[in-house]
Student: 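Please see the structure below; I have some questions.
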Amino acid sequence: MENPQDPQNPESQSGIKQFIRRLPAAISEIVKGKAAGIADSSRLREERITLDWNEASARTVISEIEDILRRGVTSRSEEEPLNDADRALVEEISLATSRAGISNITRTEAYLASYQAYPELHWAFLAHMVSRNAGWNMTDLRGSRVCDILDEETKRTMYRFIERSNALIFQDAYPQLLLYIKSRELGSSRFHLLSYFHVSRFMRPFWERFWIDRGSPLLTVGLIINEQNYVEKRVIRHPYYQKYVTDKAHFHISSITGLNQIVFPLMEDCECVQAGKEDEAANSFSPTCEQEDAVSDDEISAEAICQAAYGLLAEGCRGDGEVRRLAGRVVSDFGSLTARIALGKNLYAMLMGLRAVRSGAQRFAESVPHTGSREDYWPEFFTANVKEALTPSLQGAELLKGETLPPGERLYSPKLLDAWGDTPYEPITREDWLKDWGALDGISPPQSPYLCDISREHRLGILKTALAHDAVADEPT
């Protein structure tokens, strides 16, 4: 019988001691995962889709923005009055934006509907996928990995920070998308109405050029720059959020725990998955210690062993397919405007410029409704049913044991509407962010990152958060 006071008995150790005891295994996971991520990224990059960047159009847009800056601020009184048709259109779009902007769920679906109606609106699909991540980040604050790490006031403040950013970007960008859609329906440009939605002067040259040549990459880059500048002063540099979020230690903890990852779940058809399983059974297996000496280099490669060590992300089909890998990036410097713009361009080039990523993400977006729960893409690890969730002290330990969790034991990730209610907002400042020539710095062709498969990185982020959570949960009060 074990002595409960025995220091070798894991149940008698404090949370910090257990964290240290599990650290070598976690480090081993990290090392293996980094190496395997390189090989997985190479596969995603095998087939590229050309994103036709029109340098002549970019130079034209830059010249027009420079002219706007030289002219200075244009007052609303100098604008032409609206005729009855334009006034009705402004009211229609304002009402549609208000209705679609109720929550992260409705915003996310509105972006997808815009992209499905007009696939040249690449930014709308990028916004849909990033908005899903915002929902997952908000529910993480109520999920089992974070619930005991942060106090209630901190969780509410961080929720408002994420929710406000998501809501403000939608408020600014969705009327622009609807103006384009209405222009297509009417057969003529209506971008002179952008200012009536308080859209920055920065965007009109992009839309007018897009109306002429349908250059999706240039418009997408313009929207990325615009939206990040839009939230820079209103949220990121807002005195309240600087005091209670961005300058706080727990905001930087996200880089340690893996909460700063943007993931694009890639869904494969069940037929494709089933066709590949026989090959995987022959090539992706993990030999036992007794078998290792009998297996030659010709029979199994190091890559096959690595694949077997991590396995598939999903074992069974859900709906029309299953999520077997994740594309994405780690947000390394969220507080930097330049870094966020570069990240957005990387994500765009990855999402729309790599065929495996585009097709897999589209299949996922069309097959899996957004709920805010990470169960949407990883039911092997997460559940929206709290009764299936692991107890706090077991999360990290169970994740270290294998690639998936035992049946009926998952990490709790609630649905967004179950975790948070509607959030009222204070009045929003309406001034134009375009002030100087620095806005032009990011207008350049987007480049896909070398490392784009984040499947193992994401699992390691979950593991690190779970271990940290276990340590806090096990500490004596």
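Hydrogens, waters and symmetry mates play no part in the numbers below; they use all other heavy atoms, side chains included. Positions are given from 1, in the same order as the sequence printed here.
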Student: Does the pair E431 and H198 meet the rule for a side-chain contact (heavy atoms from CB on, under 4.5 Å), with working shown?
Tutor: CA-CA 8 Å; E431 73 272 12; H198 305 281; over 6 Å; no

Student: Measure the spacing between CD1 of I443 and OG of S57 and express it to the nearest 0.5 Å.
Tutor: 12.0 Å

Student: Looking at S103, is its backbone amide N or carbonyl O close enough to the side chain of T106 to form a donor-acceptor pair, meaning the two atoms are under 3.5 Å apart?
Tutor: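 Such a contact is found between T106 side chain and S103 backbone.
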
Student: Would you say the side chain of F264 lies within less than 4.5 Å of the side chain of L326, judging by non-hydrogen atoms?
Tutor: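 Not touching, per the 4.5 Å side-chain cut-off.
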
Student: May I ask you to decide if T371's main-chain N or O and D376's side chain share a donor-acceptor pair within less than 3.5 Å?
Tutor: yes

Student: Measuring only between side-chain heavy atoms, which start at C-beta, is W378 closer than 4.5 Å to H458?
Tutor: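 In short, these two side chains touch, coming nearer than 4.5 Å.
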
Student: Is any side-chain heavy atom of I341 closer than 4.5 Å to one of N229?
Tutor: yes

Student: Atom OG of S114 and atom NE2 of H128: how far apart are they, to the nearest 0.5 Å?
Tutor: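 One gets 11.0 Å once the value is rounded to the nearest 0.5 Å.
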
Student: Test side-chain contact (heavy atoms from CB on, under 4.5 Å) on R358 and L351 and set out the steps.
Tutor: CA-CA 5 Å; R358 184 191 287 199; L351 180 64; 5.8 Å; no

Student: Between N137 (side chain only) and N133 (backbone N and O only), is there a donor and an acceptor less than 3.5 Å apart?
Tutor: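 The answer is yes, because a donor-acceptor pair under 3.5 Å joins these two groups.
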
Student: Quick one: are Y111 and L177 in side-chain contact, heavy atoms under 4.5 Å?
Tutor: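 SC-SC contact between Y111 and L177 confirmed.
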
Student: Hey, is the main chain of K415 close enough, under 3.5 Å, to the side chain of T139 for a donor-acceptor pair?
Tutor: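 It does not hold such a pair.
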
Student: In the structure I gave you, are the side-chain heavy atoms of F125 and Q362 within less than 4.5 Å of one another anywhere?
Tutor: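 In contact.
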
Student: State whether the side chain of R410 and the backbone N or O of F382 hold a donor-acceptor pair below 3.5 Å, judged by distance alone.
Tutor: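 It does not hold such a pair.
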
Student: So does G143 get a backbone contact from the side chain of D140, meaning a donor-acceptor N/O pair under 3.5 Å?
Tutor: no

Student: Please report whether the ring centroid of W123 lies less than 6.0 Å from that of Y115.
Tutor: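 Aromatic pair excluded; centres sit 6.0 Å or further apart.
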
Student: Report yes or no: does Q261 contribute a side-chain atom to a donor-acceptor pair with the main-chain N or O of E457 at less than 3.5 Å?
Tutor: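 Here the side-chain-to-backbone pair exists.
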
Student: Is it true that R190 and S188 share a donor-acceptor pair across their side chains at a distance under 3.5 Å?
Tutor: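 There is such a pair between these side chains.
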
Student: Residues two or more places apart in sequence or in another chain: which of them pass ring-ring contact (aromatic ring centres under 6.0 Å, His included) with W207?
Tutor: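 Y180, F191, F210.
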
Student: With no hydrogens and no angle check, is any side-chain donor or acceptor of T108 less than 3.5 Å from a backbone partner on N104?
Tutor: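 Here the side-chain-to-backbone pair exists.
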
Student: To the nearest 0.5 Å, how far apart are OH in Y196 and CD1 in I93?
Tutor: 13.5 Å

Student: So among L337, L343, L223, which one has a side-chain contact (heavy atoms from CB on, under 4.5 Å) with Q228?
Tutor: L337

Student: For residues 58-70, which side-chain donor-acceptor pairs fall under 3.5 Å, sequence neighbours excluded?
Tutor:
unit_1	atom_1	unit_2	atom_2	d
T60	OG1	A56	O	3.0
D67	OD2	R71	NH1	2.5

Student: Do R209 and N54 come within less than 4.5 Å of each other through their side chains, counting heavy atoms only?
Tutor: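 A side-chain contact is absent here, since even the closest heavy-atom pair is not under 4.5 Å.
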
Student: Kindly give the heavy-atom pair with the smallest separation between I225 and G442, and that separation in Å.
Tutor: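 Closest heavy-atom pair between I225 and G442: CD1-C, 3.5 Å.
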
Student: Spell out, as yes or no, whether a donor-acceptor pair under 3.5 Å connects the side chain of E375 to the backbone of A384.
Tutor: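 Such a contact is found between E375 side chain and A384 backbone.
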
Student: Under 4.5 Å between any side-chain heavy atoms of L44 and L266, yes or no?
Tutor: yes

Student: CD of Q171 to OG of S94: how many Å apart, nearest 0.5 Å?
Tutor: 10.0 Å

Student: Which heavy atom of R430 sits nearest to which heavy atom of F197, and what is that distance?
Tutor: NH1-O, 4.3 Å

Student: Looking only at atom types and distance, does a side-chain atom of S413 sit under 3.5 Å from a main-chain N or O of S373, one as donor and one as acceptor?
Tutor: no

Student: Shortest non-hydrogen contact from F202 to G222?
Tutor: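 F202 and G222 have their closest heavy atoms at CE2-O, 3.5 Å.
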
Student: Going by atom types alone, do R234 and H238 pair a side-chain donor with an acceptor below 3.5 Å?
Tutor: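 No, because no side-chain N or O of R234 sits under 3.5 Å from a partner of the opposite role on H238.
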
Student: Minimum heavy-atom separation for W211 to R214, with atom names?
Tutor: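 Of all heavy-atom pairs spanning W211 and R214, the closest is O-NH1, 2.7 Å.
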
Student: With side-chain hydrogen bond (donor to acceptor under 3.5 Å, both in side chains) as the rule and sequence neighbours excluded, what pairs involving residues 436-452 come up?
Tutor: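 Non-adjacent pairs meeting side-chain hydrogen bond (donor to acceptor under 3.5 Å, both in side chains): K345-S444.
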
Student: Could you please spell out the steps behind the side-chain contact (heavy atoms from CB on, under 4.5 Å) verdict for N226 and F206?
Tutor: CA-CA 11 Å; N226 179 69; F206 286 96; over 6 Å; no

Student: For a side-chain contact (heavy atoms from CB on, under 4.5 Å) check, start with the C-alpha distance between K233 and W433, then their side-chain angles and the critical distance, and finish with the verdict.
Tutor: CA-CA 8 Å; K233 183 177 179 180; W433 62 265; over 6 Å; no

Student: For the OH atom of Y348 and the OG atom of S216, what is their distance to the nearest 0.5 Å?
Tutor: 5.5 Å

Student: Does the side chain of L121 come within less than 4.5 Å of L219's, by heavy atoms?
Tutor: yes

Student: Considering all heavy atoms of both residues, which atom of S131 and which atom of N166 are nearest to each other, and what is their separation?
Tutor: OG-ND2, 3.0 Å

Student: Do the charged groups of R156 and E152 touch, with an N to O distance under 4.0 Å?
Tutor: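 Salt bridge present between R156 and E152.
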
Student: Considering non-hydrogen atoms only, spot the tightest contact between V199 and M203 and give its length.
Tutor: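 Heavy atoms only, the tightest pair is CG1-CB, 3.8 Å.
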
Student: I need the E227 CD to R340 CZ distance, nearest 0.5 Å.
Tutor: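 One finds 11.5 Å between CD of E227 and CZ of R340.
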
Student: Look at E185 together with K182 and state whether they make a salt bridge at an N to O cut-off of under 4.0 Å.
Tutor: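 A salt bridge links E185 with K182.
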
Student: Judged by modelled atom types alone, do T383 and N385 share a side-chain donor-acceptor pair under 3.5 Å?
Tutor: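 No, N385 and T383 have no side-chain donor paired with an acceptor closer than 3.5 Å.
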
Student: Tell me whether the rings of Y377 and F364 are parallel (<30°), tilted (30 to 60°) or perpendicular (>60°).
Tutor: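 Aromatic pair Y377/F364 classed perpendicular.
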
